[in-house]
Protein chains: 2
Amino acid sequence: MLPSSTVENYLKAIYLGVAALTKPHRLLPMGQLACALGVAPGTATTMVKTLAESGLVEYEPYTGVALTEAGEKLAALVVRRHRVVELFLVQVMGYRWDEVHDEAEQLEHAVSDRLVDRMDEMLGRPAVDPHGDPIPDQEGVITPQPAQSLLTCPLNTPVTITRVIDQDKSFLRFIENHHLKPGESIEVEDRDSASDSVRVRGKDDHHITIGTRAASKVLVHTPAAAAILLELVTSA
Amino acid sequence: MLPSSTVENYLKAIYLGVAALTKPHRLLPMGQLACALGVAPGTATTMVKTLAESGLVEYEPYTGVALTEAGEKLAALVVRRHRVVELFLVQVMGYRWDEVHDEAEQLEHAVSDRLVDRMDEMLGRPAVDPHGDPIPDQEGVITPQPAQSLLTCPLNTPVTITRVIDQDKSFLRFIENHHLKPGESIEVEDRDSASDSVRVRGKDDHHITIGTRAASKVLVHTPAAAAILLELVTSA
DNA sequence: GAAGTATTTTTGACTAATCAAAATGCTGGT
DNA sequence: ACCAGCATTTTGATTAGTCAAAAATACTTC
């Protein structure tokens, strides 16, 4: 029995929700899941219980939910479809990076594995989507990307932006307008906990100050990390 | 309220079913509709009644169903999505023409108008899909294609195949293997009602005899018709 | 540790879409 | 004109997914 798009959405939400969990507690609370899916809490509970029956999740009442191995693979493949489609829309169909999310949200449930693989091939088996989010391979495996956020990277050291973790259109526009898209090279000059902000020097000595909430969504590679990564690639 | 993919499927089936009706009675019987959708007859009746409530179809109990103007436009746009996607899969994604139907069947409910238009543009605003089926424009309008089948075209006169009306994989393979795809030039040499067959001379003087059932699904342009069509195009 | 708040689960009900099978209506042939 | 046979509609039931609101549980705070 192949999963309905509703089931796919639940699995994806759990997959992404657990990954985004601050505590490594690794059990996603029902409230958070319901919220992510835009559904009433009771609905999430009911659905999660049936998902548990089919062995896709492990459910601990009053505590939360996590994916089983089977559920995780399924979820990763949904995420893979989503991200390959996003990149395809940008690279081949000429979409802007802030426009692809909704379209991909629909397509991820409609494209066949075959079509996704064709897109993937056409794009040269990319590792990340337009936001820098990693694309799981055909087995659902992600090669881990060591990354720090603007809150943790070293000060006054050139770093390369690799990922922007947010799908909100206006945030993505903001990022783009200030040349903070993945690939750009910048330096963090200062962090000020009092003003809850981070000062960044970007392209052409353009300075910009952003809040820590926003800063935490911008991930970077340090030159050192980049070197290690390169090492890995060349030795493989 | 935007139509569910079930509603879209009903509208499409009525649209295509009415068009394929032999009698110009133009009212599609419930049985035929149910069969086209692979659904029990009672299910079709129920659904059609609710479609009638929302003004998308006209329903005559015990007689059949037809689309209203609103329903027809919606249906045409679904068909447009389907056919643009089919052509896109063949031209851009490298699919074979006998492989596209099922994929398009899914995608037609997931692609946005925006994406379809982007594909359409990329393909150069084509008039027909890989099977020669006409593609409705953004308004749902089809420019009528004058065409005859292998059963009605003149004998021993070169004609060009323009359309193959069947989605069955094995039939399409057969057509392809015998060089009877849209674009090929052939002549009908003989029709024999006793053996219920048609003899065709194709490429490289390759002869082939096919049944009338199959022959009726292969549409052609006569040179005269092609000339008239050219006239229309150049004068426009 | 008791009280109040927040989260989670239960309950009862609803909608869309479907089926099988019984009931109904239509039509053609003698 | 009648009846047999076929197509169509009704009926009653089912499944997936959802909500609102009531009940239960867990967490916090004093």
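The shown structure was predicted, so the numbers you read here are calculated from the model rather than taken from an experiment. By convention in this document, chain letters (A, B, ...) are assigned in the order of the sequence lines, proteins followed by strands, and residues within each chain are numbered from 1.
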For this session: In whole angstrom, give the distance that lies between atom CD of B:Gln32 and atom P of D:dT9.
Result: 14 Å
Exercise. Is the shortest side-chain N to carboxylate O distance from A:Asp137 to A:Arg125 below 4.0 Å?
Worked result: no
Seminar exercise, completed: To the nearest 0.5 Å, atom CZ of B:Arg118 lies from atom CD of A:Glu103 at 12.0 Å
Exercise. Are side-chain heavy atoms of B:Asp113 and B:Arg81 found at a separation under 4.5 Å?
Worked result: yes
For this session: Whole angstrom is fine here: how far is it from CG in A:Asn9 over to P in D:dA16?
Result: 17 Å
Problem set entry | Presence of A:Tyr10 side-chain N/O under 4.0 Å of D:dT18 phosphate oxygens OP1/OP2 | yes
Exercise. Given that A:Val7 and A:Pro61 both sit by DNA chain D, which one's nearest nucleotide is further toward the 5' end?
Worked result: A:Val7
For this session: Round to the nearest Å and state the distance from B:Met47 atom CE to D:dT8 atom P.
Result: 18 Å
For this session: Provide, to the nearest angstrom, the distance between the NZ atom belonging to B:Lys49 and the C1' atom belonging to D:dT10.
Result: 7 Å
Exercise. Contact class for B:Ser4 vs. all strands (heavy atom < 4.0 Å): base, sugar-phosphate, or nothing?
Worked result: sugar-phosphate
Seminar exercise, completed: Rounded to whole Å, the OH-C1' distance (B:Tyr59 to D:dT8) equals 7 Å
For this session: Please find out if less than 6.0 Å separates the ring center of A:His82 from that of A:His101.
Result: yes
For this session: State which of D:dT10, D:dT9, C:dT8 makes the closest approach to the side chain of A:Thr45.
Result: C:dT8
For this session: Give the rounded distance in Å between these two atoms: OH of B:Tyr62 and P of C:dG25.
Result: 6 Å
For this session: Would you mind reading off the distance between B:Leu51 atom CG and C:dA17 atom P, rounded to a whole angstrom?
Result: 9 Å
Exercise. Taking atom P of D:dT8 as reference, at what distance in whole Å does atom CG of B:Leu28 sit?
Worked result: 9 Å
Exercise. Touch check for A:Gly42, heavy atoms < 4.0 angstrom, all strands: base, sugar-phosphate only, or nothing?
Worked result: base
Problem set entry | Nucleotide nearest B:Thr6 when distance is taken to its side chain, options C:dA17, D:dG17, C:dC26 | C:dA17
Exercise. Hey, is the side chain of A:Thr43 poking within less than 4.0 Å of OP1 or OP2 on D:dG17, counting only N and O atoms?
Worked result: no
Exercise. So, A:Asp192 and A:Arg199, do they make that salt bridge, N to O below 4.0 Å?
Worked result: no
